[in-house]
Structure formats: C-alpha cells, structure tokens
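Taking it in order: structure first as structure tokens, then the write-up.
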There are 2 protein chains.
Amino acid sequence: MPDYHDPRQNRLLAALPADEYARLAPQLELIPLALGDVLYESGIPMHHVYFPTDSIVSLLYVMEDGASAEIAMVGNEGVVGISLFMGGETTPSRAVVQCAGHAYRLTSQVLKDEFDRVGGRRSGALHNLLLRYTQALLTQMAQTAVCNRHHSLDQQLCRWLLLSLDRLSANELVMTQELIANMLGVRREGVTEAAGNLQRAGVIEYRRGHITVLDRPGLEARTCECYAVVKREFDRLLPEENAL
Amino acid sequence: MPDYHDPRQNRLLAALPADEYARLAPQLELIPLALGDVLYESGIPMHHVYFPTDSIVSLLYVMEDGASAEIAMVGNEGVVGISLFMGGETTPSRAVVQCAGHAYRLTSQVLKDEFDRVGGRRSGALHNLLLRYTQALLTQMAQTAVCNRHHSLDQQLCRWLLLSLDRLSANELVMTQELIANMLGVRREGVTEAAGNLQRAGVIEYRRGHITVLDRPGLEARTCECYAVVKREFDRLLPEENAL
DNA sequence: CGCGATAGGTGCGACAGCGAACAGACGCGG
DNA sequence: CCGCGTCTGTTCGCTGTCGCACCTATCGCG
C-alpha cells in the first residue's frame with residue numbers, strides 16, 4: 001500500500017479519458033476509511049459516491065433479526081453508491097468498510113451532472129464505464145446467490161479471500177474470523193474450522209486478525225467456479241487499459 | 001390472461017411517455033414464448049430485448065456440474081436483456097421461459113438508439129426507466145443471495161410463489177415441482193415436502209403441474225422478509241403510474 | 001378406455017452447518 | 001512485563017437438506 005494517494009489508484013477513475021478526468025479531479029475528496037465505517041445505511045439517501053483506492057467496502061444486507069450477509073464487495077475496481085446514478089437514491093443494503101484504507105468521493109450532484117453530461121459525442125465515458133461496472137457488480141451478486149446455494153463453506157471462504165486479495169493487490173488481510181463470518185453469513189466457528197483446514201494445508205497462515213496467503217494457486221484450486229466467473233466478468237467488462 | 005395483446009401490458013412500456021412510445025411501437029414484435037424456451041444463453045451475444053406481458057422469464061445460472069439456481073425472475077414489470085444497454089452484451093447466465101405466454105421484443109440496435117437518444121438532455125424516459133428497473137433487479141438478486149443463505153426451503157418456496165404470482169396477476173401457476181426445484185436450486189423431494197406442508201395448511205392446492213393459491217395472506221405470513229423487501233423496492237422504483 | 005410417461009410421495013442414512021458453552025492464547029495498554 | 005480483553009480452537013447434540021431408491025397416482029394420448 002503506497003503512502004502517496006492518487007485518484008487514479010481507482011481503476012474506474014484511471015479509465016477515464018483526460019478531459020473527463022480533468023473536470024472531476026478538482027471535485028474529488030480524499031477520505032480515510034476506518035474498519036467498520038458505514039458509508040451508507042439501508043434506505044437512507046446517500047450524498048456521495050466513493051471510489052476506493054486501498055480499501056474494501058462490503059455491501060451487506062442486515063436482516064430484521066440481526067443476521068447479515070454480504071451481497072458484494074467493492075475495492076479499487078469500483079465505486080460505492082451506484083443507486084445514485086441508477087436513479088433509486090437508496091438501496092435496502094448497508095455499505096461497511098471491510099478493510100481500512102482510503103477512498104475518493106464525489107458529491108451526488110457532481111456525479112450526476114457528469115453522468116448525464118452529453119459531450120459532443122453521445123456517450124460520456126463515465127456513463128458507459130459506470131454502467132459496465134454495474135453489470136459486473138450484478139454478476140458478482142448473482143454469483144454470490146449461486147454460491148450461497150450450492151457451495152461448501154470451505155469453498156466460499158476461498159472465494160471470499162481471493163476476491164478480497166484481488167481488490168487489495170496484497171497477500172495479507174487484516175480481518176478477524178468473526179468479521180469474515182458476518183460477511184459470509186455463517187457462524188464464527190465455521191470459519192475457524194474452514195480456516196484451520198487451509199492453514200493445515202499450508203495455504204494460508206494467520207495470527208489474531210491477520211491472514212497471510214502463502215499459496216494463492218492453492219486457494220484457487222480449492223474454491224468453486226464462482227470466483228473465476230466473477231473475475232472473468234470483471235476483466236471482460238472493465239479492461240485494465242481503457243480509453244485513456 | 002386476456003386474449004388480446006398490447007405492448008402496454010408490460011409495465012415498463014406502459015410507463016413511457018407518448019412520444020417515446022410512439023417511436024418504439026412500430027418496432028415492437030410480439031413473440032409467443034413456450035415453457036422452456038431459452039431467450040439467451042450464457043456468454044452468447046443477444047440480439048433482442050424482451051418485454052414480457054403474460055409470461056415469466058427466469059434468469060438462471062447453470063453450473064459446470066449441471067446444477068442450477070435462479071438469480072432473478074422477470075415478468076410484465078420488466079425486461080429481459082439488460083446487458084444490452086448496460087454495455088456488456090452478454091451475461092454469464094441463461095434466460096429461460098418459466099411460464100409460457102408472450103413478450104414484445106426490440107432489436108438490440110433499436111433499443112440502444114433509443115436508450116442513448118439525447119432529447120436536449122440525456123434523460124430520455126426509457127433511459128431512466130431501464131436504469132431504475134435494473135436497480136430493482138439488483139435488489140432482487142441481492143435478496144436471492146440473502147435468502148439462499150439464511151432461510152428455510154419452506155420460506156423460499158413461499159417467496160418464490162409470491163414473486164411469480166405478482167408477475168402474472170393470477171392465482172394459478174402451471175409449474176411442476178421438478179421445475180420449481182431447478183429454480184430454487186434444491187431437490188425435487190424438498191419441494192414436494194414444502195409444498196405438501198402448504199397444501200395441508202390449505203394455503204395452496206395442486207394437481208400435476210398446476211398450483212392454485214387459495215390463501216395468499218397465508219403465503220405472505222409464511223414467507224421471509226425477502227419477499228416484502230423486493231416488492232417494496234419494485235413498487236418504489238417503478239411507480240404504477242409513471243410519466244404517462 | 002387403457003397404457004405409458006411423467007409427476008408426485010415416502011423412507012432412510014449421511015452430513016454440513018447451527019447453537020451454545022467453554023478453554024486456551026495472543027497481544028495491546030497500562 | 002503483567003493482565004485482561006479479544007480472538008481462536010474444540011466439543012456435542014440437533015436440525016434441515018441431500019442423495020438415493022423405489023413406489024404410486026395422474027394425465028394425456030392413441
């Protein structure tokens with residue numbers, strides 16, 4: 001994790017053409033995100049969209065009885081607050097910081113103006129980029145649903161670790177088993193056991209809230225197809241080098 | 001189910017202002033949909049979007065081993081083929097006709113032209129409507145994920161029946177338990193048992209592929225919160241009477 | 001009107017994940 | 001460097017769903 005900060009560490013912002021980026025850059029506000037911060041709450045209108053750089057934000061649904069489940073996660077490949085440009089203003093879920101770090105944010109008004117802006121050409125790059133990202137997010141949610149239905153906790157843990165790693169470009173996560181259990185919507189003991197299996201197999205190592213991945217291919221071999229499907233779709237929809 | 005056909009039986013089309021509807025109407029093609037028809041296949045570019053009127057289409061993810069799970073369902077409140085306007089062209093899922101009926105379709109090009117059309121501002125009604133619908137669909141997927149994680153088969157069956165009924169404006173479904181099991185991603189026997197419970201309680205009645213709902217409030221009482229969350233979100237995002 | 005295919009019903013062993021309760025162990029703050 | 005709070009490990013009985021095997025009932029078709 002670099003010490004300096006640049007909005008272009010976020011892949012969506014990085015993919016904007018120079019003119020659009022130039023219009024937005026002065027409006028981007030760097031915000032530190034602490035573990036557990038809530039960026040928005042179910043049903044409450046949000047005022048900003050957040051472009052994470054070195055943080056991860058989870059979209060979490062919290063049920064009436066307090067149980068929870070992660071619906072999707074957002075890191076430097078995406079943006080938190082799609083309902084602002086999709087037109088709904090709110091969602092029935094909560095956005096919680098899962099890995100501390102930073103994000104750049106825009107006010108809702110600035111985002112909407114740029115989203116709806118009609119340049120000389122018909123489609124603004126931001127407009128297209130955000131819609132494509134939304135489709136990728138959709139795939140992530142769909143796959144979460146499928147995975148919840150069909151795959152074992154062990155597989156799901158692997159998927160979750162891999163998705164997190166991809167979004168941090170790191171091989172260590174600061175994350176207790178309790179937190180992971182909340183995200184996956186399972187018991188903490190279940191995570192202990194699944195993580196124990198991985199540890200015994202030499203795939204990961206952890207000590208009190210620090211998980212280090214030793215053998216990434218090992219993780220990939222143990223996870224279900226869901227991880228690959230999501231990754232492939234993100235890569236397809238959001239090429240590394242866009243209209244730069 | 002009426003004998004005549006009118007594109008405005010689809011709520012999205014019905015919500016379009018007169019001028020936009022007038023542009024599209026001549027391009028709408030009425031298509032009969034038979035049970036099991038596949039509107040599009042995972043990863044294959046689609047050429048039309050479908051606006052169901054008296055049919056239901058399921059978005060299904062089929063796994064490598066053949067197991068499947070429904071991700072969302074689309075009826076007269078929506079449209080099949082959002083990836084056309086979202087920009088991805090394909091999705092990793094399959095769209096299958098779950099209840100036979102009809103849909104109007106547009107070619108991908110006509111849809112995109114209207115979607116991107118800029119009348120002074122970008123905000124064509126179709127553009128906004130489709131994005132709001134997409135957000136509603138997103139909620140449906142998210143809730144499917146949550147429901148798969150936390151709720152019992154009995155509850156899920158109730159949710160599924162209610163969602164289907166809402167999309168048909170009927171109280172009878174033509175649907176075998178085997179099919180339902182495929183949608184929910186569970187065993188057929190599980191559905192038999194859950195349906196048996198409902199039948200014994202006098203909530204539904206069925207005979208060989210025909211399910212009749214006798215006591216809708218009873219269903220609502222037995223389902224989990226997921227149904228209400230999805231319904232509320234659809235009602236909020238897609239008001240009955242729009243900019244007509 | 002009767003046959004065959006298809007839909008629905010049942011029983012049983014296996015097992016993953018749950019809920020609760022508790023024991024160790026690490027590491028931060030004082 | 002000590003102690004306590006937090007995080008992790010383990011146990012046990014329980015329940016819901018699975019996977020399989022097999023049977024029965026119904027409907028539609030010839």
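Chain letters run A, B, ... following the sequence lines, proteins first, then strands; residues in each count from 1.
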Counting N and O atoms only, with roles assigned by atom type, does the side chain of B:Gln135 sit under 3.5 Å from a partner on the main chain of A:Gly88, one being a donor and the other an acceptor?
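Yes, because the side chain of B:Gln135 sits within donor-acceptor range (under 3.5 Å) of the backbone of A:Gly88.
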A:His150 side chain vs B:Ser68 backbone, donor-acceptor pair below 3.5 Å
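Pair found, side chain donor or acceptor close to backbone of B:Ser68.
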Could you state the atom-to-atom distance from [atom1] of [X] to [atom2] of [N] in whole Å?
| X | N | atom1 | atom2 | result |
| --- | --- | --- | --- | --- |
| A:Leu198 | D:dT8 | CG | P | 14 Å |
| A:Glu178 | C:dA20 | CD | C1' | 14 Å |
| A:Leu179 | D:dT8 | CG | C1' | 14 Å |
| A:Arg208 | D:dC4 | CZ | P | 15 Å |
| B:Gln199 | C:dT10 | CD | C1' | 16 Å |
| A:Ile204 | D:dT8 | CD1 | P | 11 Å |
| A:Leu184 | C:dA16 | CG | P | 17 Å |
| A:Glu205 | D:dT8 | CD | P | 13 Å |

Quick one: which of C:dG11, C:dA7, D:dT11 gets closest to the side chain of B:Glu189?
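In terms of side-chain proximity for B:Glu189, the closest of C:dG11, C:dA7, D:dT11 is C:dG11.
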When you compare the side chain of [Y] with that of [X], does any pair of heavy atoms fall below 4.5 Å?
| X | Y | value |
| --- | --- | --- |
| A:Asp54 | A:Asn76 | no |
| A:Tyr133 | A:Ile82 | yes |
| A:Tyr61 | A:Arg94 | no |

Aromatic B:Phe234 / basic B:Arg167 pairing, under 6.0 angstrom, 45° off normal
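Yes, B:Arg167 and B:Phe234 form such a contact.
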Check whether A:Tyr227 forms a cation-pi arrangement with A:Arg232 (NZ or CZ under 6.0 Å from the six-membered ring centre, at most 45° off the ring normal).
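Verdict for A:Tyr227: no cation-pi partner in A:Arg232.
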Select base, sugar-phosphate, or nothing to describe what A:Thr192 touches, counting heavy atoms under 4.0 Å on all strands.
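Answer is base: heavy atoms of A:Thr192 come under 4.0 Å of a base.
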What contact category does B:Arg207 fall into here, base, sugar-phosphate, or nothing, at under 4.0 angstrom with non-hydrogen atoms?
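Here B:Arg207 touches the backbone only, sparing every base.
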Do B:Arg188 and D:dG19 have a side chain to base donor-acceptor pair shorter than 3.5 Å?
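Absent.
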Can you see if the side chain of B:Tyr206 gets near the phosphate of D:dC27 - specifically, an N or O under 4.0 Å from OP1 or OP2?
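Answer no for this pair, as no side-chain N or O of B:Tyr206 is under 4.0 Å from OP1 or OP2.
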Can you check whether B:Gln177 has a side-chain N or O nearer than 4.0 Å to OP1 or OP2 of C:dT6?
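So the side-chain polar atoms of B:Gln177 never come under 4.0 Å of the phosphate oxygens OP1 or OP2 of C:dT6.
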Could you list the protein-to-nucleotides 13-18 of chain D atom pairs, N/O on both sides, closer than 3.5 Å?
from, atom 1, to, atom 2, distance (Å)
D:dT17, OP1, B:Leu153, N, 2.7

